[in-house]
Structures are given as C-alpha cells and as structure tokens.
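Throughout, protein chains are lettered first and strands after them, A, B, ... in sequence-line order, and every chain is numbered starting at 1.
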Amino acid sequence: MAESPITPREKDFAAWYQDVVLQGDMAEPAEIVKGCMVIKPNGYAVWEVLQRALDDRFKATGHQNIYLPLLIPQSFLKKEAEHVAGFAPELAVVTMAGGKVLEEPYVIRPTSETIVGHFFAKWIKSYRDLPVLINQWANVVRWELRTRMFLRTTEFLWQEGHTAHSSHEEAVQETLRMLDVYAEVAEDVMAMPVIKGAKTQAEKFAGALRSYSIEAMMQNGLALQAGTSHDLGQNFGKAFNVQFQTNEGKLDFVWQTSWGASTRLIGGLIMTHSDDKGLVLPPKVAPQKGVLVPIFRKDEERAQVMERATQLARDLGAHVDTRDGLTPGAKFFHWERRGVPVVFELGPRDVTSGNIVMKRRDTGTKEVVPQAEVAGKFAALLETIQKDLYTRAKQRLKDKTVLANSLDEVKSILNDVTAEKGGGKFVMVHLKDDPQNDAKIKEFKASVRNIPSVDEYDGAGKCILTGETVDRRVVIAKAY
RNA sequence: CGGGGCGUAGCGCAGCCUGGUAGCGCACCUGCCUUGGGCGCAGGGGGUCCGCGGUUCAAAUCCGCGCGCCCCGACCA
C-alpha cells in the first residue's frame with residue numbers, strides 16, 4: 001500500500017487543502033506567472049456547473065449578460081474617492097502599448113463599477129430606461145500579496161452584476177434578492193451552509209453604502225466570504241453623472257447595485273466537504289456523478305464484464321474506466337481523489353450473480369445491489385449524499401459557533417487559530433457597527449464577518465466594547 | 001517591503017561540509033505477467049546541476065554578484 005499523497009487535515013490544514021486541489025487535478029500554480037493558477041479540466045468543469053447554476057438564476061430574475069472591456073482608463077478609478085482608495089494598492093497598470101508610452105495608463109479591471117458608470121451614463125436618460133439589470137462573466141486582476149489556489153489568486157474568474165434603479169428602495173431589494181440567489185446556490189447546489197448578513201461599515205466594499213455577504217465556515221473553522229452584494233447608493237451615479245428624468249420631469253441620480261461571486265466558491269466547496277482521501281463533490285456539482293470500474297482476470301471474463309459494464313454504464317450515465325495496465329485498486333484511488341460521488345464495481349462474480357457493487361464517496365460505504373435496481377438506487381443515493389453533505393456541514397457550523405460576552409472571551413477563543421492549525425470558531429457577540437470596534441477585533445487578526453440578517457440568538461444586548469445597545473449579535477471569526 | 005528557507009530529470013529529493021564518471025524514488029517508454037483497494041519482473045529514454053563572474057589542472061560542490069520561488073508578517077473576493 002502506497003503512502004497517501006495527501007497531508008491529513010489534523011496535521012496541517014493548509015497543506016491538506018493544497019494536496020486535495022493538486023491530487024484532485026482541479027488546478028495547479030501557474031508558476032511562470034506569480035500568484036496565478038491554471039484551472040484544469042476537472043476544476044473548470046465544476047466552475048461550469050456553478051456558472052450554470054448562477055446564470056440560470058440571474059436570467060430568472062431578469063438579468064442579461066454583457067461584456068465590458070478588460071482595460072479601464074486610470075482616471076475612471078479616481079472618480080469615486082473611496083473606491084480608488086480601496087483598490088489603489090491592488091492595481092496592475094498598463095503604461096505602454098504598441099511600443100509607446102500611453103498618454104493615459106489603463107488599469108486592468110479589479111472590478112467594473114467605474115466602466116459600468118460610464119456606460120450607464122450613456123444609456124440611461126429617463127425613468128423609462130430603468131431598471132437596467134446586467135451581469136458579466138469575466139476575469140479580474142487584483143495584485144495580492146499572498147495567494148492560495150481558488151481562494152485568492154492574482155487573476156480570478158467571477159461574475160459581476162450591475163444594476164441601476166430609480167429608487168433606493170428598489171436598489172436595496174435588488175441587493176438582497178441577489179444575496180438570496182447566492183445563498184440558494186451555496187446551500188442547495190453546493191451543500192454549503194452560509195450565514196447571510198450585512199457587512200460592517202469598516203468591511204464594506206469601497207464605494208458602497210452598504211455591503212452584504214454570505215459567509216461559510218470551512219472545516220478548520222475559518223470563515224470564507226462566498227459572495228457579496230452591494231447597495232451602491234448614488235455614489236457611482238454621482239461620480240459618473242448617471243442622471244435620469246423622473247416621471248415628474250425632475251433630474252435624479254440612479255441608485256445602483258453590484259454583486260459578485262468567484263472561483264473562490266470552488267475553494268469553499270473543497271474546504272467544506274473534502275476529506276483526507278481527497279476531493280468530495282456533492283452530486284449536484286460533480287461533473288461526473290458515477291464511474292464504473294470493471295474487474296476481470298482472463299480474456300473471456302473481460303469480454304463478459306465489459307459487455308455488461310457498457311450496458312449498465314449507459315443506463316446510469318456513468319463513465320467506464322477502461323484504462324489498461326492499471327489494477328482496479330489504482331482506479332478506485334484515482335476516482336476517490338477526484339471526488340466522484342459514486343463508484344461502481346463490476347466483476348465476474350457480479351456478472352454471474354446479477355449484482356453490482358455501489359460505493360459512496362462521502363462515507364465509503366459499499367452496497368451490493370441487483371443490476372435491475374441499480375438505476376433507481378443510484379438516483380436515490382445521489383440525493384441522499386447531497387442531503388447528508390449539507391446536514392454534516394450544517395452540524396459542524398452549529399458545533400463550532402459559540403457565544404461570547406466580552407472582548408477577552410473572544411480573544412481567548414480565537415487567539416491561536418490559524419489556517420494551518422485550525423481550531424476556528426464563529427463567535428457571536430454584541431458589537432456596535434463602528435470602525436473603531438472593528439479595529440479592536442483586527443488586533444488579534446480576526447474580523448467581523450457580518451451582521452446576520454436573521455437573528456438566531458438572544459436578540460438585543462450591550463456592545464462588548466462600548467456598552468451601547470445593539471439589536472443582535474454579529475459573527476466574529478478568523479477568515480480567508 | 002521586513003524575517004526565514006529553497007533552486008540538481010516531469011515531480012519529490014540525495015550529493016555540496018572534505019572539488020575529480022551526476023545519482024535515488026515516483027512518473028514515463030518497450031516487452032512479458034497481473035487485475036475484487038496504489039501488481040510484479042526485465043530492459044530503456046530523459047539533465048544548460050537557476051544565471052553570470054571569480055578561484056583551480058579540474059566546480060553541482062569553494063567565493064562574489066544577480067534572478068526566481070516558497071513560508072512567516074503588514075493588504076485582500
């Protein structure tokens with residue numbers, strides 16, 4: 001038995017994560033381009049599933065896709081003061097093109113609010129033009145100091161929705177509706193429970209009035225922001241002069257929103273479900289839900305097994321691993337590392353008995369089922385796995401969430417937590433939304449993740465720092 | 001940018017201290033044999049030893065300079 005190529009979670013969670021990504025053939029570091037990664041077919045297929053899940057829901061809520069330029073005139077970024085301050089350190093700038101120094105440099109988009117502002121100003125004249133509901137699937141670049149595959153890379157893939165509305169009320173509705181879409185995809189498709197809530201003023205998007213997020217908990221107890229939605233108010237409308245005439249004939253600035261989710265979701269997926277044997281994919285995001293490994297010794301067995309295997313696999317929509325020169329054992333390990341939800345084994349014994357072996361990836365449980373019933377059992381098993389993965393993750397979230405009523409308490413809970421060692425918790429505390437308070441939390445490298453939309457605890461209480469009354473507890477955690 | 005580490009076959013490493021034929025494991029190729037959880041045997045291919053300069057009869061090895069990457073901290077979807 002060969003040694004496992006995957007570092008156990010207990011030993012070093014960060015190393016485990018890297019190993020799972022590599023052994024699952026999801027992605028690899030680009031090496032020639034600092035901080036970037038190559039998303040390999042196995043990883044990209046998962047991204048395509050997530051894209052589809054999100055895109056279908058965007059369309060269902062009335063949005064249309066567009067594409068905007070990668071390059072943004074540098075002056076655009078400067079038009080919104082908070083926005084430029086927030087993004088300036090992360091910008092990659094093109095200063096030369098066509099062999100000449102450019103009169104005005106272009107920045108490679110870190111996000112597209114500014115360029116959207118420009119075009120909204122051009123397109124929107126009347127309240128009859130509103131709302132504008134668009135989305136773009138794109139790559140963006142943010143010059144990060146520290147990168148981890150899928151979780152934070154210099155270049156990443158995402159979608160960014162941008163909308164314009166005639167009233168603040170409608171914009172807020174849109175912001176919250178899209179947050180719900182993210183939560184639904186996370187929970188129903190990815191089987192990843194999340195906490196919806198508002199970001200504090202200190203943590204909001206640079207240029208937003210208010211930001212919202214869904215926060216997921218990874219197996220090491222660290223938080224992962226898995227999607228954000230922003231109420232931009234009239235900030236970009238004013239910066240880019242996006243004005244429209246109301247039905248009363250007056251001029252007003254539009255109310256905008258933006259919302260995004262990225263390939264980071266894949267990192268969240270991995271750190272929510274995978275184990276020491278490798279990737280575990282919930283059936284709904286698994287590009288390949290079942291794989292059949294044929295087993296045989298002699299040539300006549302081979303013919304019999306392959307014939308039956310091909311038939312069954314067709315009925316099941318499963319892939320048959322026909323590779324020569326590999327033992328069944330090697331194939332089992334291969335598909336296990338790649339997270340395939342169900343692996344079937346079919347050998348001479350099964351051909352004779354009319355059975356087939358069905359093994360689920362998440363629990364490792366094997367079941368011998370009659371071939372005649374396998375299609376139905378397979379479909380049912382996929383549903384069970386999807387449900388069980390969610391339940392397990394939800395339970396973990398509950399188990400690792402604690403209440404605290406003083407700063408010292410929070411500190412002692414989170415002090416020694418790191419991505420490598422784990423031990424993270426979501427600590428629920430009463431805390432006033434004030435940047436000075438966020439700063440206190442940051443001193444021990446934790447942060448306020450969000451202020452939950454739904455209060456599942458004890459309602460109002462006194463802020464642990466200022467004593468002021470706040471209406472509910474916030475989530476404090478160490479985060480990616 | 002500060003602190004630490006590392007660059008030798010596709011990957012993981014040994015060799016360097018004490019200069020003298022460039023090696024091991026995995027992967028890869030060929031053949032035989034095997035196949036219910038990482039088969040075995042035999043044969044084989046593959047190298048600017050990160051780069052430049054210096055010392056020397058001779059440098060992967062010693063010296064100097066440079067480059068790149070990783071980890072830890074300050075920034076972040």
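The gap from the P atom of B:G3 to that of B:G20 amounts to 34 Å, rounded to the nearest Å. When the C1' atom is used for both B:G4 and B:G19, the distance is 29 Å, rounded to whole Å. B:A14 and B:U55 are spaced 31 Å apart, taking the P atom of each and rounding to whole Å.
Per the geometry, CZ belonging to A:Phe333 stands 6 Å off P belonging to B:G38, to the nearest Å. Rounded to an integer number of Å, the gap from NZ of A:Lys298 to P of B:G36 is 14 Å.
Phosphate proximity of B:G36 to A:Lys366: absent, as no side-chain N or O sits under 4.0 Å from OP1 or OP2. Side-chain nitrogen and oxygen atoms of A:Arg297 include at least one within less than 4.0 Å of the OP1 or OP2 phosphate oxygen of B:U35.
Under the side chain to side chain donor-acceptor pair (under 3.5 Å) criterion, the residue pairs touching residues 330-351 of chain A are A:Asp25-A:Arg338, A:Asp321-A:Trp335, A:Glu345-A:Lys366, with sequence neighbours excluded. Pairs of residues two or more places apart, or lying in two chains, that qualify as ring-ring contact (aromatic ring centres under 6.0 Å, His included) and include a residue from residues 192-215 of chain A are A:His83-A:Phe205, A:Phe87-A:Phe205, A:Phe205-A:His230.
Salt bridge present: A:Arg9 and A:Asp276 bring a charged side-chain N and a carboxylate O closer than 4.0 Å. Residues A:Lys478 and A:Asp416 are not paired through a salt bridge, judged by the lack of any N-O separation under 4.0 Å between the basic side chain and the carboxylate. The pair A:Lys277-A:Asp275 does not count as a salt bridge, with every side-chain nitrogen at least 4.0 angstrom from each carboxylate oxygen.
A cation-pi arrangement is not found for A:Arg109 relative to A:Trp158, the charged atom failing to lie both closer than 6.0 Å to the ring centre and inside a 45° cone about the ring normal.
Within residues 180-212 of chain A, no residue has a heavy atom under 4.0 Å from RNA chain B.
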